[in-house]
2 protein chains.
Amino acid sequence: METFKAHLNKFITVSDDEFTSIFSFFQLVEVKKKENLMSEDDVCKFKYFVLKGCLRKFFINEKGVEQTTEFAIENWWLADNFAFEQREKTKFNIQAVEKATVMMIDCQSQELLLEKHPIMERYFRMIYQRAYSAAEKRIRYLYEMSKEEYYIHFSTLYPWFIQRIPQYLLASFLGFTPEYLSEIRAKLRS
Amino acid sequence: METFKAHLNKFITVSDDEFTSIFSFFQLVEVKKKENLMSEDDVCKFKYFVLKGCLRKFFINEKGVEQTTEFAIENWWLADNFAFEQREKTKFNIQAVEKATVMMIDCQSQELLLEKHPIMERYFRMIYQRAYSAAEKRIRYLYEMSKEEYYIHFSTLYPWFIQRIPQYLLASFLGFTPEYLSEIRAKLRS
């Protein structure tokens, strides 16, 4: 609870009473490592905020291989935003990479939250603005960089993240085979 | 002015007086075809909303080739959101594809606008939420589809857009050479 309060206070100012009310719109859930919070073809009901641990979002590609498209660690949101907003079936899975403590909110509760606490419009506006900025950057990298360059870029920016995530998931996120990732790492070490 | 009002009313409800005040925070600008609104290495001061015409965002890649990453037609925003928020130098260019009428707002005016009209937090939250959803989808396509599949997908979803945009810009957006785009189009016609 304190984690989320500290996070909110980076963007907006809320009193203790307001925070208690805001927090009441969310559900808390504990997930085990490798447990799915959301599975392909489920109607997408929730979006998730990580209090502790790590989640990933992935889809199964044509070849039956899991393709990770996003990770979320402490203080990050993870969702299929399109399906959430449209209340549609999702084409993604959300799974715990590590045992995790997660807050979740459904679309209707979010609307009620925003109605009661319009300051949360500002919070979510800032969150989405940043998420969109990051996505714009990522799209540029996907145009501009080779897979190897993207790995070097990524590991320079987020060395602690590279340490934290299992290598086969990192390979999946980067669009590598695990073998190719090992090769690049060996090459960079030498 | 009426265009923007109709657009706003799809997301929020504003009175005539409120709208007049909201509109006063923006500057109006007319741009000629191929004119730049923003150039690489400029400090990014504005974000842009297209009232009429078409803009594109591009960068110059290592080979000196223009790489288009986004288009914006009527009722779309276009910006380097990261540089805008950080008030940094941009690494993108924004240029008119067609003669255009554009509204623009700087970061400070946006803050004043949001302070005076908090309902605009809701508007921008929804705009960024949708933009982020679209970016999530696009990132998935970049993982999942070959360039040819992406072209087919894109032209099925937006046939009117394919007609409107010069072919060499469409090729640049899709990461093709213009020659390769002609080949795919010929193949699909046959």
Side-chain angles (χ1 to χ4, degrees), chain A residues 11-12 44 47 57-63 65-70 77-86 88 90-92 107 110-111 114-115 118-146 149 172-175, chain B residues 11-12 44 47 57-63 65-70 77-86 88 90-92 107 110-111 114-115 118-146 149 172-175:
Chain A
F11 299 92
I12 54 174
C44 177
K47 56 187 197 185
K57 192 166 116 188
F58 67 95
F59 66 91
I60 316 274
N61 71 17
E62 269 188 351
K63 293 172 189 159
V65 177
E66 290 182 3
Q67 173 66 61
T68 302
T69 59
E70 270 172 89
W77 284 94
L78 195 63
D80 176 351
N81 285 285
F82 188 82
F84 177 80
E85 202 189 335
Q86 308 288 325
E88 275 183 6
T90 178
K91 289 175 185 162
F92 287 96
C107 208
Q110 181 180 276
E111 270 311 305
L114 292 169
E115 223 170 85
I119 187 75
M120 290 297 282
E121 292 281 9
R122 182 171 174 84
Y123 164 72
F124 280 117
R125 192 262 301 166
M126 287 170 142
I127 289 294
Y128 279 116
Q129 188 173 329
R130 292 197 173 188
Y132 182 59
S133 295
E136 276 184 294
K137 283 196 159 195
R138 187 159 166 209
I139 287 170
R140 175 163 174 165
Y141 297 146
L142 288 169
Y143 274 109
E144 197 174 21
M145 292 182 185
S146 69
E149 282 167 343
S172 159
F173 174 71
L174 294 167
Chain B
F11 299 93
I12 54 175
C44 178
K47 57 187 195 184
K57 192 166 118 188
F58 67 95
F59 67 90
I60 316 274
N61 71 17
E62 269 188 350
K63 293 174 189 159
V65 176
E66 291 181 3
Q67 174 66 62
T68 302
T69 59
E70 270 172 272
W77 285 93
L78 196 63
D80 176 351
N81 285 285
F82 188 82
F84 177 80
E85 202 189 336
Q86 308 288 326
E88 275 183 7
T90 178
K91 289 175 186 165
F92 286 97
C107 207
Q110 180 180 278
E111 270 312 306
L114 293 169
E115 223 170 83
I119 187 75
M120 291 297 283
E121 291 282 8
R122 181 169 174 85
Y123 165 72
F124 280 117
R125 192 263 299 166
M126 287 171 142
I127 288 294
Y128 278 116
Q129 189 172 329
R130 291 196 173 187
Y132 182 59
S133 295
E136 276 184 294
K137 282 196 158 194
R138 189 160 164 208
I139 287 168
R140 174 162 173 167
Y141 297 145
L142 287 169
Y143 274 108
E144 197 174 20
M145 291 184 186
S146 69
E149 283 167 341
S172 158
F173 174 71
L174 295 167

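In this text, all values refer to a predicted model and were calculated from it rather than measured experimentally. Computation of the quantities below employed the complete heavy-atom set of this structure, encompassing side-chain atoms and omitting hydrogens, waters and symmetry-equivalent molecules. Reminder, nothing fancy here: chain letters follow the sequence lines and each chain counts from 1.
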Q: With rounding to the nearest 0.5 Å, note down the distance linking CE in B/Met126 to OH in A/Tyr128.
A: 11.0 Å
Q: Let me know if A/Lys91 has heavy atoms under 4.5 Å from chain B in its side chain, its backbone, both or neither.
A: both
(Q) Looking only at heavy atoms and a cut-off of under 4.5 Å, which of A/Tyr143, A/Tyr123, A/Phe84 has the most pairs with chain B? (A) A/Tyr143
Q) Which heavy-atom pair separates A/Ser133 from B/Glu85 by the least distance, and what is that distance? A) OG-OE1, 4.3 Å
Q) Tell me, side chain or backbone of A/Tyr141 under 4.5 Å from chain B's heavy atoms, or both, or neither? A) neither
Q) In terms of heavy-atom proximity below 4.5 Å to chain A, should B/Phe173 be classed as side chain, backbone, both, or neither? A) both
Q) Hey, which of B/Glu62, B/Met120, B/Glu70 has the most heavy atom pairs under 4.5 Å with chain A? A) B/Glu70
Q: Mind listing the closest non-hydrogen atom pair of A/Tyr132 and B/Asn81 along with its distance?
A: CE2-ND2, 3.2 Å
Q. When rounded to the nearest 0.5 angstrom, what is the spacing between CZ in A/Phe92 and CD in B/Glu136?
A. 6.5 Å
Q. Under a 4.5 Å heavy-atom cut-off, does chain A meet the side chain of B/Arg138, its backbone, both or neither?
A. side chain
Q | Separation between CZ of A/Arg140 and CD of B/Gln67, rounded to the nearest 0.5 Å | A | 9.5 Å
Q) Between A/Leu114, A/Asp80, A/Asn61, which shows the greatest number of heavy-atom pairs under 4.5 Å with chain B? A) A/Leu114
(Q) Rounded at 0.5 Å granularity, tell me how far CZ in B/Arg125 sits from CD1 in A/Ile127. (A) 12.5 Å
Q. Relative to chain B, which segment of A/Gln129 carries a heavy atom at a distance below 4.5 Å: side chain, backbone, both, or neither?
A. both
Q.
Using heavy-atom distances under 4.5 Å, tell me whether A/Ala83 contacts chain B through its side chain, its backbone, both, or neither.
A. neither
